[in-house]
Amino acid sequence: MSRYEAGTTEAKWQAAWESNKCFETDTASALPKYYVLEMFPYPSGRIHMGHVRNYAMGDVVARAKRAQGFAVLHPMGWDAFGMPAENAAMERNSHPAKWTYANIDAMRAQLKTMGLSLDWSREFATCDPEYYAQQQAMFIDFMDAGLLSRKKATVNWDPVDMTVLANEQVIDGCGWRSGAPVEKRALTQWFFRITDFADDLLEAIDTLDGWPEKVRIMQRNWIGKSHGLQIRFDIEANDIAPDWKELEVYTTRPDTLFGMGFGAISPEHPLAAQLAKGNSGLAAFIDECRKTGTSEEALEKAEKRGFDTGLRVKHPFLDETFPVYVANFILMDYGTGAIFGCAAHDQRDIDFARKYGLKVLPVVAPNGDESFEVTDEAYTGPGTIINSDFLNGMEIEAAKEAVADRVAAMGKGEKKTNYRLRDWGVSRQRYWGCPIPVVHCETCGIVPERKENLPVRLPDDVTFDVPGNPLERHATWKHTPCPACGKDAVRETDTMDTFVDSSWYFARFCSPRAETPTDRAAVDRWLPVDQYIGGVEHAILHLLYSRFFARAMEKTGHLSDSAREPFKALFTQGMVTHETYEAQGGGWLSPEEITRDGSVVTAKDTGKPVKVGPIIKMSKSKRNTVDPEEIIKGYGADCARWFMLSDSPPERDVEWTEAGVEGASRHTQRVWRLVNEALPRLPATGTAPTASDQDAVTALRKVTHKAIKSVTEDIAAFRFNKAVAQIYGLTNAVASFKATGADADAALREALESLVLLMAPMTPHLAEECWAVLGHTTMVTDTPWPVAEAKLTVDDTITMPIQVNGKKRSEIQVAADADKAKVEELALADEAIVKLLDGGAPKKVIVVPGRIVNVVI
RNA sequence: GCGGGCGUAGUCCAACGGUAGAGACAGAGGACUUAAAAUCCUUCCAGUGUGGGUUCGAAUCCCACCGCCCGCACCA
């Protein structure tokens, strides 16, 4: 018997699966459907270990479900628009399409070496004109349905990428891709009206019981619903802004209205702009705020600064007025961009009030203590209202209601629900994206392109020698007749945010070649996605946008209501990490550049010691990456997959180690050897195991069936590490099996075949090869999942520990179905227990059937 | 600051509130071998971050604290 040769064997079975079209979805199948989807990759050019982990998990699910009698849809495609292609084009003086499609070819070839059970016939890239044509059609439908708006808005402008960023793409005040500090600019942009769905998106989170709680909480927080009161304060008559009679503020704490110390507005508030015209000091202050507004340092220091406008607002219930400041900590795009400050019960407000010597009056006291004072720390806890006229003695919630009622009766305000969620700005001043299919006509205004003219194709002859949008400066592309009047007009040169592309690809996979965005019969058959798998980094953006899109597509007739939540179950996998290696004199070394001898690590080239750094996510900058292609070439795809699924729970980070993958390789060889060594003694395929009077035979059969039960359950629950451990256990049992005879041989065949079938979702090539060696002429891929015999998964007699006062003192063998009285009798008769009781009677005996006995003395 | 998660052998991880060990990695000893690799056998190692509480019984539930990780972050 020779060693298992992963390279040739894997290629052989991949070819067999492909030529038999094993994984092309059977659209005519009457079996129940199961749609398993991994987040599709960006075609960067090479797969990385994160992909291997993601797709290994998805493939386990897909293959197991397939064996368990489901019609499985398991597609793959490419999230292919985006900045890197343009950057590459600039660097290489090439074209983004050329770079992208070459990368797709390279990555497809790499993915195919993983042996994934994908339906490649459904493959598409989001940069395919056939795909973005449909996206443009939907954009027009969304326009017609009022799901889009176009508004001038202050946007996040990335000065390096020269593009607009969504709020979600700004991280710590910097662009998520470029890392450059983001500036504010006012541009007219297209927005998806996601806020129209804020309530639905929020409430439906409760129904997503197949999602991790963590992600649900993140989505809830992102939508950020709050209940409050909008109040209009009268502005005292003045000369500086005579047109402004009222200042409207939003508050979630109307109960603290009597504790008001000042009013404050955002530097971007229209009132601030007007006042600045006649006040150069204020103008300078606003200018300063704009500069430091989003920078990291400003946020870190969080120093509250303000500028007294000279205006005063009247308290609605008191004969008292308060100064109005322009303050740097007031956000224009939340609430009304204006607040009333209640220093005693808001930390920001007290910081501000102390700095500018403003009124601080506590109005909520813990325990109703009327002498309650605050110093420099705001009190935000529960309590009773004090110092507040008609509110005194009320609890906070009652006071909120009372103020709301009174203000409403005065016509000075009303209850208002606010959201943190903003509309989704999708305009991007980039070339490599889906063109927004509208035309600007001097006569007709903004006109959608006619659907029969779609797609609005990206021109091929573009240059990237200067920053900015090549579509904007293209000689002819944007000139087009108006779809309405036929006169000369110009196309919109903005393209869509690439998150749009990924917000509906899962629906397109159901009917990837349809002439419309979706084929209703196909999406009704396959959606929602039964199991979606990907990185937690998409917990907010991509998933929220997709949920919005499903709703928008339902509204425009592209999906049914049953797909309103597009992902029935979601699993977020952990990252792949690796040690880092720091060379003497600085700089990072890659894992190939070091030698490890026990705990001593040295550099291969210099032989000098290397400092082992922290174990962190694989990244190019720290050079701690391992190339999946090298691993697959060296050990085989099955080993890479097996190791990825071993040890660490899938939701947690996994550390890639050389030792770990070698362990996986040993297991592969071991299974191969066990199958081949056993072969001569095995009965023919199809020989059913029989009852045996040999304990060892029965024991092996029990291990086999317990493993079938456990692995089945573990895979269903995404506990792949435990499934792997169970398979190791079964392997160990087979390896140490010594019994002989026909009954033993039959049990051994059963054990080996079960082992092969249970491993198949994880190491499919090895499984096929072993299956063939075992004498089968059909493929594992076409073999149903093994079923555990219930009577072999339970034991007739069990060992029960006996505790005395909670500590284990002895154990007894009892029949599994022995009743409590019998167990108690046996336990109390146990030698060790008799001795401990020393003639006395136990105070209490607790018998947990099948588990434990506890004797209390 | 707010929200969430995680702390178990040297390491990664298991353990319906019920015997702390399923499994892997690493280590030690041995067998086989001229030797090595591979393989096989044997074996060492924690009382579960700390302190309380609930319970017949706590790694598991509750409270406080410590440490690490993630998300949001001037959202009124």
Side-chain angles (χ1 to χ4, degrees), chain A residues 3 171-172 212-218 220-222 224-226 228-229 249-254 256 264 266 293 298-299 301-304 327-331 333-342 345-349 351-352 380 418-422 536-537 539-540 574-575 598-599 615 643 646-649 651-655 657-664 666-667 669-670 673 706-707 710 719 721-732 735-736 799-811 842-848 850-857:
Chain A
R3 277 175 68 79
I171 295 153
D172 292 335
E213 187 56 26
K214 176 185 175 166
V215 175
R216 301 206 288 172
I217 289 166
M218 283 163 76
R220 277 194 200 101
N221 292 344
W222 193 261
K225 185 177 185 174
S226 69
L229 185 66
V249 307
Y250 176 73
T251 180
T252 54
R253 293 296 303 273
T256 64
S266 165
L299 284 175
K301 278 187 202 154
E303 196 198 347
K304 307 287 177 285
N328 65 343
F329 63 97
I330 312 298
L331 305 173
D333 49 5
Y334 186 79
T336 62
I339 63 151
F340 83 82
C342 173
H345 305 289
D346 184 291
Q347 191 56 45
R348 293 156 303 179
D349 293 352
D351 293 346
F352 191 78
T380 56
N418 259 329
Y419 298 91
R420 191 182 166 284
L421 183 72
R422 311 289 150 73
V536 72
E537 67 272 21
I540 298 170
M575 297 181 299
S599 60
I615 299 159
F643 175 56
S646 308
D647 292 338
S648 289
E651 68 277 12
R652 244 185 264 180
D653 290 353
V654 63
E655 186 194 353
T657 60
E658 189 74 10
V661 73
E662 273 170 10
R666 271 200 296 279
H667 179 252
Q669 294 296 341
R670 191 169 182 228
R673 190 164 6 88
K706 283 178 182 176
S710 301
R719 294 185 297 243
N721 55 323
K722 289 179 67 181
V724 166
Q726 285 294 333
I727 288 169
Y728 273 119
L730 178 56
T731 310
N732 291 342
S736 57
T799 304
M800 279 180 90
I802 307 171
Q803 295 181 330
V804 175
N805 291 343
K807 289 205 169 106
K808 186 193 167 191
R809 297 297 183 191
S810 186
E811 55 187 36
K843 273 186 197 158
K844 197 173 177 184
V845 179
I846 292 129
V847 177
V848 184
R851 281 284 169 188
I852 203 164
V853 182
N854 192 12
V855 181
V856 186
I857 59 176

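Note on naming: letters A, B, ... go to the chains in the order of the sequence lines (proteins, then strands), and numbering restarts at 1 for each one.
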| request: Going 5' to 3' through nucleotides 46-63 of chain B, assign each nucleotide B (protein heavy atom under 4.0 Å from a base atom), S (under 4.0 Å only from sugar-phosphate atoms) or - (no protein heavy atom that close). | output: ----------BS------
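Remark: A:Asn854 pairs with A:Gln803, A:Ile846 by the side chain to side chain contact (heavy atoms under 4.5 Å, CB included) rule, at least two apart or across chains. Checked against side chain to side chain contact (heavy atoms under 4.5 Å, CB included), A:Pro801 has the following partners two or more places apart in sequence or in another chain: A:Lys808, A:Ile852. Partners of A:Ser226 under the side-chain hydrogen bond (donor to acceptor under 3.5 Å, both in side chains) rule, at least two apart in sequence or in another chain, are A:Tyr250, A:Tyr334.
Both A:Arg420 and A:Arg719 lie close to RNA chain B; mapped to their nearest nucleotides by heavy-atom distance, the more 5′-ward contact belongs to A:Arg719.
For A:Thr252, whose side chain is taken as the heavy atoms from C-beta onward, the closest listed nucleotide among B:C72, B:G7, B:A76 is B:A76. For A:Lys214, the side-chain atoms get nearest to B:G4 when compared with the rest of B:G4, B:A24, B:C75.
Per the geometry, CZ belonging to A:Arg348 stands 14 Å off P belonging to B:A73, to the nearest Å. Across the protein-nucleic acid pair, A:Lys808 atom NZ and B:G17 atom P stand 21 Å apart, rounded to whole Å. In this structure, A:Lys706 atom NZ and B:A14 atom P are separated by 21 Å, rounded to whole Å. Rounded to a whole Å, the CE atom of A:Met218 is 13 Å from the C1' atom of B:A73.
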Any protein N or O atoms within reach of nucleotides 36-43 of chain B? Criterion: under 3.5 Å, listing atom names and distances.
| residue | atom | partner | partner atom | Å |
| --- | --- | --- | --- | --- |
| B:C40 | OP1 | A:Arg670 | NE | 3.1 |

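Across all strands shown, A:Ser648 has heavy atoms under 4.0 Å from sugar-phosphate atoms exclusively, and none from any base. Using a 4.0 Å heavy-atom cutoff across all strands shown, A:Ile330 reaches at least one base atom of the nucleic acid.
Within the 4.5 Å cutoff, the side chain of A:Asn221 has no heavy atoms near those of the A:Met218 side chain.
Remark: the separation of the P atoms in B:U48 and B:U19 is 15 Å, to the nearest Å. On the P atoms, B:G4 is 37 Å away from B:G23, given to the nearest whole Å.
Both key distances under 3.5 Å define a Watson-Crick or G-U pair, and stretches of 3 or more such consecutive pairs in RNA chain B run B:1-7 with B:66-72, B:10-12 with B:23-25, B:27-31 with B:39-43, B:49-53 with B:61-65.
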